[in-house]
Amino acid sequence: MATVPEELAYSAEHEWVSGDTDAGVVVTVGITEHAAEALGDIVYVEAPRVGDTVVAGEVCGELESTKAVSELYSPVSGVVTAVNEALERAPEAINADAYGDGWIFKVELSESATDLLDAEAYAASVA
Amino acid sequence: MSDAALRSPLHAEHVALGATLVPFAGWEMPVRYTGDIAEHTAVRTAAGLFDLSHMGEISVRGDGAAAFLDHALVGRMSAVGLWGAKYTMMCTPEGGVIDDLIVYRRDWDHFIIVANAANKDTVIAELGARLAGFDAALEDVSAEIALIAVQGPRAEEIVARMCVRGDDDIHAMRYYTAANILLTGDIHAFAARTGYTGEDGFELFVAADQAAAVWELALAEGAGDGLVPCGLSARDSLRLEAGMPLYGQELTRDTTPFDAGLGRIVAFGTAANPRGAFVGRDALLRAKAAGPARVLVGLVGDGRRAARTGYAVTDDAGTQVGTVTSGAPSPTLGRPIAMAYVPPALSAPGTVVGIDVRGRREDMTVVALPFYSRAS
């Protein structure tokens with residue numbers, strides 16, 4: 001059973017967001033363990049670039065596994081401040097540690113995130 | 001998961017191993033146990049264990065069984081020797097592929113046909129419709145038979161160790177032949193040196209109620225050789241690297257064996273060794289003479305984004321000229337690979353085509369199939 005850490009917020013498209021989600025804050029974004037397990041071994045991540053503007057609910061990249069490909073949605077709106085460069089060579093970090101080394105990008109929020117789920121609601125949505 | 005999904009006799013073993021189960025052709029089957037790439041790599045370097053119990057098995061018996069199959073299928077089954085196996089197809093009268101099959105000759109008057117799970121009922125109905133006038137009887141034995149495959153360079157040693165009688169036969173067995181063996185636990189198995197991975201390997205036909213014992217035996221005997229259970233995801237990436245077609249993707253009722261580059265399996269006979277009529281013969285003769293309007297090719301990409309089933313193959317103007325039938329990032333090659341139907345003019349190795357990968361063009365180069373061949 002995939003874990004759903006209590007302290008994170010979640011989107012319906014299976015991304016997680018760390019920390020406060022008020023305007024001006026920098027948050028970290030990744031995909032959930034549930035999403036990583038459904039995709040299988042991830043072999044390629046196309047993440048947004050530093051400086052890109054991302055919009056909550058819109059496609060900002062893609063994740064490719066041997067079995068399937070999935071679009072990456074931004075769970076928040078803002079400007080990308082960092083991307084996880086290590087995923088270029090080691091995308092399997094997402095399967096191994098979805099909530100840690102498998103983080104994908106960081107965003108400085110241009111507005112407060114309002115449509116995110118708490119852990120309990122997300123866990124219920126994938127049960 | 002639908003309550004109506006069929007379950008393999010190995011369902012409890014899959015659950016105990018923590019497999020991810022998915023709906024597949026009306027069955028609930030393992031897509032993976034641990035990870036797709038680890039399972040794929042195990043088959044290339046050591047061995048993998050597959051539950052293929054969803055496949056359909058059809059018994060054809062009778063003095064007229066060989067003549068009947070010569071009529072119903074595109075290959076000449078009467079020419080298959082005792083304990084031989086043959087890759088063949090059933091076609092429509094128009095030459096379209098109804099299913100691709102492996103036929104095993106268990107006795108002079110007894111054949112076992114292995115059909116794809118999704119096509120099994122269609123194949124049985126179509127065989128029944130072609131049976132009139134032949135002294136042969138059909139029986140669907142799918143529910144009684146479990147099919148377990150051991151594939152990979154260590155498969156021969158592992159299957160030989162599973163035997164109490166027949167290990168010499170395992171070592172001596174040539175590719176696409178079969179034998180009756182006796183496994184530890186007094187379990188009878190019909191063992192065939194066939195597979196769908198591009199590696200050496202065996203497919204073991206056993207009674208469904210002995211499947212669990214055979215599965216556990218294979219895991220125990222293979223553990224020291226690196227054998228791991230493998231799911232449908234690894235099976236698909238292995239067969240794609242081996243350039244093997246999958247029904248519903250490379251093969252459909254709208255394709256002929258010639259389109260798929262498999263015209264060699266259609267036996268028209270020769271002047272010295274003539275063959276009578278078979279279903280689809282006239283249409284297939286015309287298809288052979290006309291040459292294919294489209295050609296199944298292998299494609300390798302330079303980028304990282306993989307072509308997937310149904311994606312458009314485009315020319316330099318961006319116009320669709322073909323369609324991808326299968327595609328994935330190849331675990332062995334480390335690059336995206338695909339099979340696609342393209343016009344003959346774009347089928348020469350070295351030709352660069354565009355693939356519309358979700359709105360963005362990726363270049364791929366035509367290569368000869370297969371993408372991967374085992375060292376022999």
Side-chain angles (χ1 to χ4, degrees), chain A residues 1-4 13-14 31-49 52 54-55 57-74 83-98 100-102 104-105 125-127, chain B residues 1 15 18-24 29-44 230-241 246 301-311 324 326-338 355-360 362:
Chain A
M1 195 63 205
T3 59
V4 181
E13 291 88 13
H14 310 289
I31 66 164
T32 66
E33 210 171 282
H34 171 83
E37 285 177 7
L39 268 171
D41 290 333
I42 294 165
V43 296
Y44 175 58
V45 180
E46 189 172 87
R49 296 197 186 108
D52 281 359
V54 292
V55 178
E58 293 193 0
V59 173
C60 65
E62 55 193 32
L63 301 155
E64 191 129 35
S65 71
T66 310
K67 181 81 181 152
V69 63
S70 172
E71 289 183 315
L72 175 66
Y73 294 83
S74 182
V83 299
N84 185 353
E85 310 273 355
L87 297 180
E88 175 68 25
R89 279 178 297 105
E92 62 271 19
I94 295 175
N95 296 100
D97 189 11
D101 290 345
I104 300 176
F105 60 100
S125 77
V126 298
Chain B
M1 197 69 60
V15 171
T20 302
L21 299 166
V22 297
F24 182 79
M29 296 298 289
V31 66
R32 72 181 59 88
Y33 297 82
T34 54
D36 300 337
I37 295 175
E39 292 169 22
H40 180 110
T41 304
V43 174
R44 289 276 178 259
C230 297
L232 292 169
S233 183
R235 182 165 161 85
D236 193 43
S237 53
L238 288 159
R239 71 93 195 165
L240 175 59
E241 286 185 345
L246 173 61
D302 291 326
R304 312 260 315 248
R305 300 171 77 233
R308 303 281 179 173
T309 305
Y311 287 8
V324 174
S326 297
S330 162
T332 305
L333 277 66
R335 299 168 68 185
I337 59 172
I355 308 294
D356 182 347
V357 178
R358 298 179 299 284
R360 245 160 60 213
E362 299 288 338

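Atoms considered below: every heavy atom in the structure, side chains included; atoms not considered: hydrogens, waters and symmetry mates. In the text below, chain A, chain B and the rest are named by the order of the sequence lines, each starting its count at 1.
- Of all non-hydrogen atoms in B/D36 and A/G40, the two that sit nearest each other are OD2-CA, 3.9 Å.
- A donor-acceptor pair under 3.5 Å links the side-chain atoms of A/E64 to the main chain of B/A306, judged by distance alone.
- Within the 4.5 angstrom heavy-atom criterion, no atom of B/A234 approaches chain A.
- Within the 4.5 angstrom heavy-atom criterion, atoms from both the backbone and the side chain of B/R304 approach chain A.
- Counting heavy-atom neighbours within 6.0 Å of A/R49 CZ, excluding the residue itself, gives a total of 12 or less.
- Of all the heavy atoms in B/S233 and A/K67, the pair that sits closest is OG-CD, 3.3 Å.
- A distance of 4.0 Å separates CD in A/E46 from CZ in B/R360, rounded to the nearest 0.5 Å.
- Of all the listed residues (B/A38, B/G327, B/P329), the one sharing the greatest number of non-hydrogen pairs under 4.5 Å with chain A is B/P329.
- For A/L39, the part lying under 4.5 angstrom from a heavy atom of chain B is the backbone only.
- The CD atom of A/E62 sits 4.0 Å away from atom CZ of B/R305, with the distance rounded to the nearest 0.5 Å.
- A/E37 has its side chain out of reach of B/T20: every pair of non-hydrogen atoms, C-beta onward, lies at least 4.5 Å apart.
- In terms of heavy-atom pairs under 4.5 angstrom with chain A, the leader among B/A328, B/G35, B/G18 is B/G35.
- Rounded to the nearest 0.5 angstrom, A/T66 OG1 and B/L238 CG are separated by 10.5 Å.
- For the pair A/D41 (side chain) and B/I37 (backbone), a donor-acceptor distance under 3.5 Å is present.
- Inter-residue side-chain proximity for A/V69 and B/V357 is flagged as unmet; no heavy-atom pair is nearer than 4.5 Å.
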